[in-house]
Amino acid sequence: MPGASEAPEVPEAPEAPQAVEGPPSAEPVPQPWPPRKDRRVLRAVLRWTAAVVVFAVAGAGTAYGITQMKRTDVPGLATASDGRWDYPRLVAPPLPAGSPGPFADDNPANAHYADLRALVLPAPKGAEVDAALRGTDGWLATKDFVAQYASADDRREFAQKLTDDGLRHIAARGWTMPDGTRTRVYLLQFDTSAVADDLFSPGLVSYDSTVYPLKGAPAAAYDDAFPDVARAENVSVSAYTEKQPYGSEQVRQAYLKSGDTLALVVQSREGGAEAVPFEQTVALQSQLLG
């Protein structure tokens, strides 16, 4: 009608997709549903597949968890201690301002400028510390150090040698563990690395024995079983032990040389000194010096 508003145009519907025609004479063939038995089989297959996936994921998670755990945290896999002691975390002592490390390029004397007393290995957990080795203000007198050697002649000779070589300081620490193992650690500092080198060998050690026998260890033999893993860079180590038969206690000892500093580590125990804590102690003291 004139004046009547025009009806909005209705968009044309899109053409339906054309079915793919078969042969002119062919009629559509209905596709039957699978038999009820097949549907049950299908559902069972799906359930078992899901179960396998769940167990696989759970198993992988468990395996990952075990690999991330310490062996002693896994029930049934806990192992007895191998004899190592519980030492505190080692921290290198600070150097005086402007001083190089002992093996820096600008330190030809290989001098340890850190406080020697702070370079002595701390006692492990459970140890009873030997107050006698603290000395005066942390410095041990030469006579107290050489007192551990068996022969009076050796003590006099060694003390004179230390004086002639310009010994500067001796710092020491000792302790006794609950199992009776006694440990003594001594650090001796000289003016230069060259002086310490000469005293270390041949002054104190040879391949098959020590030069000055300790009390209670008249026959110390070179320890061929001492492991390389217990050695540190820039530190020379000669380790010795008493072979059977020995007296009431066995003595293990090691001389260390690092730059201008010599060290002596001694462990003894009635019935036999164990190798593991001795090697651990030498290794940690070497790390502090190196």
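All values below were derived from every heavy atom in this structure, side-chain atoms included, with hydrogens, water molecules and symmetry-related copies excluded.
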Over 60° means perpendicular and under 30° means parallel, so classify the ring planes of Tyr149 and Phe145, tilted if in between.
perpendicular
Residue pairs involving residues 135-147 (criterion side chain to side chain donor-acceptor pair (under 3.5 Å); sequence neighbours excluded):
none
Is it true that a side-chain atom of Glu249 and a backbone atom of Gly216 form a donor plus acceptor pair closer than 3.5 Å?
no
Give, for atom CG of Leu116 and atom CD of Gln189, the distance between the pair rounded to the nearest 0.5 Å.
5.0 Å
Mind checking the OG-CG spacing from Ser151 to Leu214? Nearest 0.5 Å is all I need.
12.0 Å
Under 3.5 Å donor-acceptor, Asp223 side chain and Ala225 backbone:
yes
Side chains of Lys257 and Ser238: any donor to acceptor distance under 3.5 Å?
no
Smallest heavy-atom separation, Phe200 atom then Ser236 atom, equals CE2-CB, 4.0 Å
Measure across Pro218 and Glu242 and return the closest heavy-atom pair with its distance rounded to 0.1 Å.
CD-OE2, 3.9 Å
Got Asp260 and Val195 here, is their nearest side-chain heavy-atom distance under 4.5 Å?
no
Does any pair with a residue in residues 209-238 pass ring pair (Phe, Tyr, Trp, His ring centres under 6.0 Å), and if so which ones, sequence neighbours excluded?
Phe158-Tyr212, Tyr207-Tyr222, Tyr222-Tyr240
Under 3.5 Å, is there a donor-acceptor pair between the side chain of Ser206 and the main chain of Pro202?
no
Locate the shortest heavy-atom distance separating Leu289 from His112; write the atom from each residue and the value.
O-NE2, 2.8 Å
Please report the shortest heavy-atom distance between Ala172 and Leu140, naming the atom on each side.
CB-CD2, 4.0 Å
Enter the distance from Leu284:CG to Glu279:CD here, rounded to the nearest 0.5 Å.
12.0 Å
Any donor-acceptor pair under 3.5 Å from Arg173 side chain to Val120 backbone:
yes
Taking all atoms of both residues into account, what is the closest heavy-atom pair of Ala230 and Ser286, and its distance?
O-OG, 4.3 Å
Just wondering, do Val146 and Asp154 contact through their side chains at under 4.5 Å, heavy atoms?
no
Name each donor-acceptor pair under 3.5 Å that joins a side chain in residues 101-109 to protein atoms two or more places apart or in another chain, with its distance.
from   : atom 1 : to     : atom 2 : distance (Å)
Asn107 : OD1    : Asn110 : N      : 3.2
Asn107 : OD1    : Ala111 : N      : 3.2
Asn107 : ND2    : Gly101 : O      : 2.8
Asn107 : ND2    : Ala111 : O      : 2.9

Between Asp153 and Arg156, is the closest basic N to carboxylate O distance under 4.0 Å?
yes
Closest heavy-atom pair and its distance - Pro88, Ala123
CD-O, 3.5 Å
Between Leu256 and Thr261, is any pair of side-chain heavy atoms under 4.5 Å apart?
no
Show me, pair by pair, the donor-acceptor contacts under 3.5 angstrom made by side chains of residues 126-135, not counting sequence neighbours?
from   : atom 1 : to     : atom 2 : distance (Å)
Asp130 : OD1    : Ala132 : N      : 3.0

Per the salt bridge (charged side-chain N to carboxylate O under 4.0 Å, His left out) rule, what does the pair list look like for residues 199-219, sequence neighbours excluded?
none
Residues 267-276, side-chain donor-acceptor partners within the protein, below 3.5 Å, at least two apart:
from   : atom 1 : to     : atom 2 : distance (Å)
Gln267 : OE1    : Phe278 : N      : 3.3
Gln267 : NE2    : Thr183 : OG1    : 3.3
Gln267 : NE2    : Thr281 : OG1    : 3.0
Ser268 : OG     : Arg182 : NH2    : 3.4
Ser268 : OG     : Arg184 : NH1    : 3.2
Arg269 : NE     : Asp179 : O      : 3.4
Arg269 : NH1    : Gly272 : O      : 2.8

